[in-house]
Amino acid sequence: MAELVFDDVTITYHPPGRDPVEAVKGVSLTVPAGGSLGVAGESGSGKSTLAMAVLRLLPRSATLTGRVSVGGHDVQDLSWGKLRALRWSEASIVFQGAMHSLNPVRRVGEQIVEALELHVKDDYATEKAREQRMRDLLAQVDLDRSKETSFPHELSGGQRQRVMIAMALACDPDLVIADEPTTALDVIVQDQVLRILRKLVAERGIALLFISHDLSVLASTCDRIAVMRDGVVVEEGPSHEVVTNPTHDYTATLARAFPTIGDPTSRLRPATRVVEEAAPADDPAQGGIPVAPQANPDERPILAADNVTVRFHTRAGTVTAVDDVSLQCRTGEIVALVGQSGSGKTTLARTLLGLHRADSGRVLFDGAPLPASPKELRPFRRSVQLVLQDPSSALNPRHSIYEAVAEGIRIHHLPGDERERVERALDQAELRPAAQFTSALPHELSGGQRQRVVIAGALALEPRFLVADEPVASLDASVRGEILGLMLRLKRRLGLGALVITHDLGLAWNIADRVLVMYRGAIVEEGTVEQVLLDPQHDYTKKLLAAVPQLA
Amino acid sequence: MTSALLEQDVEATDADRDVRGGTSFWRYAGRKAGGAAFSLVMVVVLGFFAFRILPGDPTRSMTRGRIMSPEQLETLKRQFGLDEPLHTQFWIYLKNLPRLDFGESYVYRRPVSDLIAEHLGATLLLTGVSAAIAIALGLWIGQRAAWRRGSWFDRLNTGSALVLWSVPTFWLGLILLLVFGGMLHWLPTGGLKTAGTTATGIPLVWDVIRHMIMPVVTLVAVTYAQYLLVMRASLLEEMHADYLTTARAKGLREDLVRRRHAVPNALLPTVTLVFLHLGGLIAGAVTVEAIFSWPGLGYLTYAALSGPDLPLLQGTFVVFSSIVILMNLAADLLYRFLDPRVRAA
């Protein structure tokens with residue numbers, strides 16, 4: 001018998017005071033007992049709403065028509081008591097963002113035991129048996145015993161997600177729903193978490209409903225994949241078929257969003273849906289993205305690190321976050337700095353920006369050491385701009401787009417007409433027509449548009465170099481290509497160089513000229529993108545490449 | 001612009017090394033106690049100079065209504081040390097402080113410390129009982145109101161709490177006094193116990209309770225709204241947290257989700273504010289004690305103010321301020337126990 005069935009499910013939200021929104025429209029899907037189904041889609045596709053409907057966790061403002069049944073029970077018909085009994089003991093959820101899905105003030109061990117207490121079975125009828133089981137569960141997800149008394153904030157993202165998985169398996173459910181369980185984790189940790197999930201699900205014959213925006217993650221985990229867009233399933237079939245031979249354009253867009261490293265069609269050509277208005281200098285053969293001028297290696301680097309070491313002094317001792325690193329960045333060149341979280345790449349970037357002092361070594365700007373006083377740093381601050389990961393939190397929600405872009409112009413007292421400068425910057429960031437955006441507030445824009453505003457704010461100061469920290473990590477797959485394309489075009493048109501910090505090797509393949517691989521504070525490998533990604537020398541680089549989930 | 005980068009750094013170092021613990025509790029406590037000590041010093045200094053700025057000659061107010069010769073006034077001044085220059089007076093004041101000697105009251109002609117000791121118990125009884133009731137009531141209604149936001153329970157309780165909060169303390173006290181004391185004769189109108197009573201044991205306790213009802217009701221009524229609103233607001237913040245969805249998905253009953261998961265998190269910001277608001281309670285106590293002739297520090301302050309009785313004012317000022325400072329210190333230390341994230345920070 002089928003484990004989880006969605007039969008013509010339509011879910012409508014009724015926000016007070018606004019028109020109802022259909023988040024899921026007539027979806028019919030089946031997850032057979034012991035089978036696995038991946039649901040792919042971007043934000044707003046209704047995939048998470050669908051997941052919440054399985055355990056009837058939707059807010060009261062949502063109405064559902066159709067049938068959702070778990071193990072033959074129609075979830076809608078169950079009494080509250082029966083529903084509570086079904087929750088977790090028959091179907092459990094691994095939520096996205098394990099930082100927030102665990103109670104911050106309770107120890108993780110207690111949180112696992114709590115689930116066991118609610119659904120007492122013979123195997124763990126006593127307090128002692130429950131504690132034993134909790135320890136077994138933690139061992140199964142490769143967590144050390146000492147972690148049971150930890151609070152969530154004391155664990156890393158990957159460890160928290162493993163606690164979540166241990167908790168989901170606690171009551172031996174027949175079905176596990178994983179809602180973006182690896183989003184925000186870096187490739188190596190993602191790989192670990194996926195391995196554990198795959199192994200446990202296979203060993204116990206648990207059915208799996210896996211939700212993700214990343215087709216390659218789904219392809220590596222699930223038997224079948226369904227692609228959702230705007231509440232509708234646009235394509236469904238065996239994983240291999242869907243990713244290698246998509247029948248729907250949208251699936252193809254999603255599949256292209258994350259490039260295959262080594263595939264020449266995606267090299268310096270991020271997937272983009274925007275039809276380029278061909279600028280005269282652009283080479284049409286490059287799909288609207290102009291040929292990059294090669295940075296001249298003899299040119300003096302605009303930003304360089306000279307044997308930089310940064311240490312943090314914590315109670316646990318001294319930690320060397322950046323260990324004797326030297327690098328050069330030139331205008332007209334995009335350098336990707338790749339590494340796991342905790343590798344020290346963000347600290348290195350902060351040091352390059354003069355936000356953190358190096359314990360030894362020098363940071364050189366235009367060949368001269370960075371000045372120490374804030375006043376002397378001003379010309380540097382203007383020339384080197386920073387683009388952050390999450391545009392929603394980088395923009396002040398109460399400032400209009402005009403204000404956001406004009407702020408830097410005012411701080412640096414740039415001459416000329418302010419409005420003209422703002423509109424030019426918005427135009428350069430391809431927010432056209434610029435006048436249409438100036439009075440908007442950040443929440444009225446999409447994620448991609450917001451990131452363009454952040455970039456426009458940087459461009460308004462006519463910088464020569466950008467430092468971008470995970471510029472597309474919080475954006476939807478289809479928007480990702482657009483922002484990366486923008487960075488490539490800025491390099492071509494304005495000769496702008498960039499240092500892009502990322503854990504995403506596909507991004508490096510898409511836009512970078514050179515790659516630096518950082519591991520435990522040191523740069524372990526350096527070279528052109530082709531050299532490093534196609535012919536890696538260092539073990540760590542090989543490990544990183546191996547952890548990238550591949551389509552098909 | 002840099003905060004996101006900073007956070008990532010913290011995440012990165014935490015992630016790699018599982019830093020447990022953080023700075024030791026004693027270092028944290030030491031830092032907080034140091035801050036409290038500094039505030040106390042400021043209070044001591046302020047307590048001396050602030051009241052010297054008050055207009056009027058203390059010897060005149062001491063002898064109000066009596067005819068005194070200039071010589072007699074001089075003697076009086078010398079007796080209280082008021083003929084000394086200000087800095088010498090301050091030095092004497094500082095020297096006597098460690099022995100809790102605030103000098104002699106002008107009005108009562110007795111050591112201030114004795115007066116304070118006599119009245120402290122009554123105030124602690126009144127404010128302690130009122131605070132306990134106001135906090136319990138405020139937090140309980142606050143979390144229920146937040147959980148069922150917009151329901152009749154929420155609207156009725158939040159509304160009436162706000163009305164009571166905006167009512168002037170003295171007005172509410174006088175109305176109660178008029179209705180239950182003057183018209184209905186249900187409750188005694190003033191004091192801590194019936195004058196000249198010889199009762200002991202249970203009858204005495206009962207007598208005190210009857211005297212306490214009106215002052216306590218007044219104090220609770222005008223203060224519980226702040227606890228209610230703080231609790232309601234911080235629980236509303238937590239209501240949409242993801243870990244509550246996790247708890248629901250685990251199959252917890254709705255009131256367990258609230259009690260076990262939502263409330264402990266919502267209490268964190270509440271605790272600090274609750275202790276901060278205790279200062280307001282003490283201010284209210286001055287008014288309430290004056291209205292109901294409650295023989296506590298507030299009543300004493302009221303009497304000292306109408307003097308003005310400088311040593312007595314100084315004494316009560318230092319005691320009241322110290323109580324508030326100690327409460328804040330207690331809040332800081334308690335917060336550390338409640339929030340594991342602060343414990344490690």
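So you know, we letter chains A, B, ... as the sequences are listed, proteins then strands, and number each from 1.
In the displayed structure, B:F153 atom CZ is contacted under 6.0 Å by more than 12 heavy atoms of other residues, nucleotides or ligands. Within 6.0 Å of atom CE in B:M42, 12 or fewer heavy atoms from other residues, nucleotides or ligands are found, so the atom counts as exposed in its surroundings.
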Open item on the list: Could you go through B:D242 and A:F95, starting from their C-alpha distance and side-chain angles, then the distance that decides it, and tell me whether this counts as side-chain contact (heavy atoms from CB on, under 4.5 Å)?
Closed with: CA-CA 8 Å; B:D242 292 338; A:F95 287 102; 6.0 Å; no

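Residue pairs meeting the salt bridge (Lys or Arg N to Asp or Glu O under 4.0 Å) criterion with at least one partner in residues 123-142 of chain B, sequence neighbours excluded, do not occur; the list is empty. Applying the salt bridge (Lys or Arg N to Asp or Glu O under 4.0 Å) definition to pairs two or more places apart or across chains, those involving residues 229-238 of chain B are B:D154-B:R232.
When each of A:N103, A:V94, A:V105 is checked for heavy-atom pairs under 4.5 Å with chain B, A:N103 comes out on top. Among A:E114, A:M52, A:R56, A:Q111, the residue making the largest number of heavy-atom pairs under 4.5 Å with chain B is A:E114.
A distance-only check finds no donor-acceptor pair linking the side chain of B:T246 to the backbone of A:L102 [under 3.5 Å].
Residues of residues 322-330 of chain B lying within less than 4.5 angstrom of chain A, judged on heavy atoms, are absent. Scanning residues 248-265 of chain B against chain A with a 4.5 Å heavy-atom cutoff picks out B:R248, B:A249, B:K250, B:G251, B:L252, B:R253, B:R260, B:H261, B:P264, B:N265, ordered by number.
A distance of 11.0 Å separates CG of A:L55 from OG1 of B:T245, quoted to the nearest 0.5 Å.
Neither the backbone nor the side chain of A:Q340 has a heavy atom closer than 4.5 Å to any heavy atom of chain B.
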